[in-house]
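Just so it is clear, the structure is predicted and the values come from calculations on it, not from any experiment. Every chain is numbered from 1 and lettered A, B, ... according to where its sequence line falls, protein lines coming before strand lines.
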Amino acid sequence: MVTLTEIPEGWPADEAGALAVQDELRGRVVLDEPGPPPGTGLVTGVDVAYDDERDVVAAAAVVLDAATLEVVAESTAVGRVAFPYVPGLLAFREIPTVLAALDALSTGPGLVVCDGYGLAHPRRFGLASHLGVLTGLPVIGVAKNPFTFAYEQPGTERGAASPLVAGPGEEVGRALRTQAGIKPVFVSVGHRVSLDNACAHVLSLTPRYRLPESTRRADALCREALRTALRPVQHPVA
DNA sequence: GCGACAG
DNA sequence: ATCTTGTCGC
């Protein structure tokens with residue numbers, strides 16, 4: 001069964017409204033907790049896929065055992081796209097549907113890993129921070145691109161890292177090499193996790209591929225959920 | 001001033 | 001994000 005997630009009442013209708021929300025929520029981010037220890041407990045990947053033509057977004061949450069990387073639980077949700085794509089306002093596009101997917105899980109999510117950024121954001125309040133503040137969960141962001149931020153190329157070996165900086169002396173995240181000789185990923189803190197711990201989690205989630213297993217699983221699942229949701233219902237014929 | 005810019 | 005065939009490699 002597929003239910004269409006509602007866009008919450010009071011959801012910002014334009015850029016000015018969204019900026020005001022970020023401004024208000026930014027102060028609630030918690031940055032002084034280390035977060036759950038890497039390699040233990042549960043880790044949940046979240047991701048979304050879009051059909052902009054039909055204004056539909058599908059979200060998936062996949063819970064992994066952090067020690068074995070085996071799937072413990074998963075869920076999906078489908079909704080209307082809640083906001084246009086504006087760099088810096090990505091969270092407003094996907095958060096309602098992501099929250100619905102997290103709510104549908106049969107277990108607590110543990111640490112949440114999302115696509116995109118937390119602190120590494122024009123106003124230091126990216127998707128991972130936003131999701132963290134709304135749920136109270138520990139959240140980190142893992143992005144495939146450095147956005148507008150600068151970094152020095154980390155060493156070529158797996159585990160090598162270098163600061164992702166917004167300006168002289170302001171570290172907003174880390175470029176982390178998860179596979180030897182492969183383009184790094186860009187890790188930033190969302191809520192209630194330290195940057196060191198966030199990077200340790202990401203390394204523990206990348207035994208084989210560039211991107212965390214959590215995101216890879218969530219990516220595959222939300223694409224499938226989108227295909228299913230867009231497939232026209234089959235009426236039985238007599 | 002203009003364009004680019006996580007997904 | 002998404003549009004998209006074949007192809008090189010383990």
Inset, instruction - Can you spot which of A:Leu64, A:Val63, A:Leu221, A:Asp65 makes a side-chain contact (heavy atoms from CB on, under 4.5 Å) with A:Val71? - result: A:Leu64

Legend entry - Under 4.0 angstrom between A:Asn145 side-chain N/O and B:dC5 OP1 or OP2: no

Inset, instruction - Without swapping roles, check the side chain of A:Arg217 against the backbone of A:Ser214 for a donor-acceptor pair under 3.5 Å. - result: no

Inset, instruction - Would you indicate which nucleotide in B:dG7, B:dA6, B:dC5 comes nearest to any side-chain atom of A:His121? - result: B:dA6

Inset, instruction - Keeping the roles fixed (side chain from A:Arg123, backbone from A:Gly88), state whether a donor-acceptor pair exists under 3.5 Å. - result: yes

Inset, instruction - Evaluate the side-chain proximity of A:Val46 to A:Cys114: yes if any heavy-atom separation is below 4.5 Å, no if none is. - result: yes

Inset, instruction - Give a yes/no answer on whether the side chain of A:Tyr50 brings an N or O atom under 4.0 Å of OP1 or OP2 in B:dG7. - result: no

Inset, instruction - Would you indicate what A:Leu164 reaches in the nucleic acid, counting non-hydrogen atoms under 4.0 angstrom: base, sugar-phosphate, or nothing? - result: nothing

Legend entry - Boundaries of the DNA chain C segment in contact with chain A, non-hydrogen, under 4.0 Å: C:dA1 to C:dT2

Legend entry - Selection residues 168-213 of chain A - residue pairs positive for ring-ring contact (aromatic ring centres under 6.0 Å, His included), sequence neighbours left out: A:Tyr151-A:Phe186

Inset, instruction - Return the value, rounded to whole Å, for the distance between atom CD of A:Glu15 and atom C1' of B:dC5. - result: 13 Å

Legend entry - Atom pair CG/CD of A:Leu131 and A:Glu94 - distance to nearest 0.5 Å: 9.0 Å

Inset, instruction - With a 4.0 Å heavy-atom cut-off, tell me which residues in residues 126-137 of chain A come close to DNA chain B, sorted by residue number. - result: A:Gly126, A:Leu127

Inset, instruction - Would you kindly give the CD-to-C1' distance between A:Glu94 and B:dA6, to the nearest whole Å? - result: 9 Å

Inset, instruction - Kindly confirm whether the side-chain ring of A:Phe186 is stacked on the base of B:dA6, judged by centres under 5.5 Å and planes under 30°. - result: no

Legend entry - Phosphate-side-chain proximity, A:Lys144 and B:dA6, N/O vs OP1/OP2 below 4.0 Å: no

Inset, instruction - To the nearest Å, give me how far apart CZ (A:Phe147) and C1' (B:dG7) are. - result: 10 Å

Inset, instruction - Determine the contact category for A:Ala49: base if any of its heavy atoms lies under 4.0 Å from a base atom, sugar-phosphate if only primed atoms, P, OP1 or OP2 are that close, otherwise nothing. - result: sugar-phosphate

Inset, instruction - Please confirm whether the backbone N or O of A:Leu203 pairs with a side-chain atom of A:Arg158, one donor and one acceptor, at under 3.5 Å? - result: yes

Inset, instruction - To the nearest Å, give me how far apart CG (A:Asp47) and C1' (B:dA6) are. - result: 12 Å

Inset, instruction - Return the value, rounded to whole Å, for the distance between atom OH of A:Tyr85 and atom P of B:dC5. - result: 8 Å

Legend entry - From CA spacing to verdict: salt bridge (Lys or Arg N to Asp or Glu O under 4.0 Å), A:Arg216, A:Asp47: CA-CA 9 Å; A:Arg216 289 168 41 77; A:Asp47 194 18; over 6 Å; no

Inset, instruction - Tell me what A:Gly141 touches on the nucleic acid: a base, only sugar-phosphate, or nothing, going by heavy atoms under 4.0 Å. - result: nothing

Inset, instruction - Please work out which of the three classes, parallel, tilted or perpendicular, describes the rings of A:His130 and A:Phe125, given edges at 30° and 60°. - result: tilted

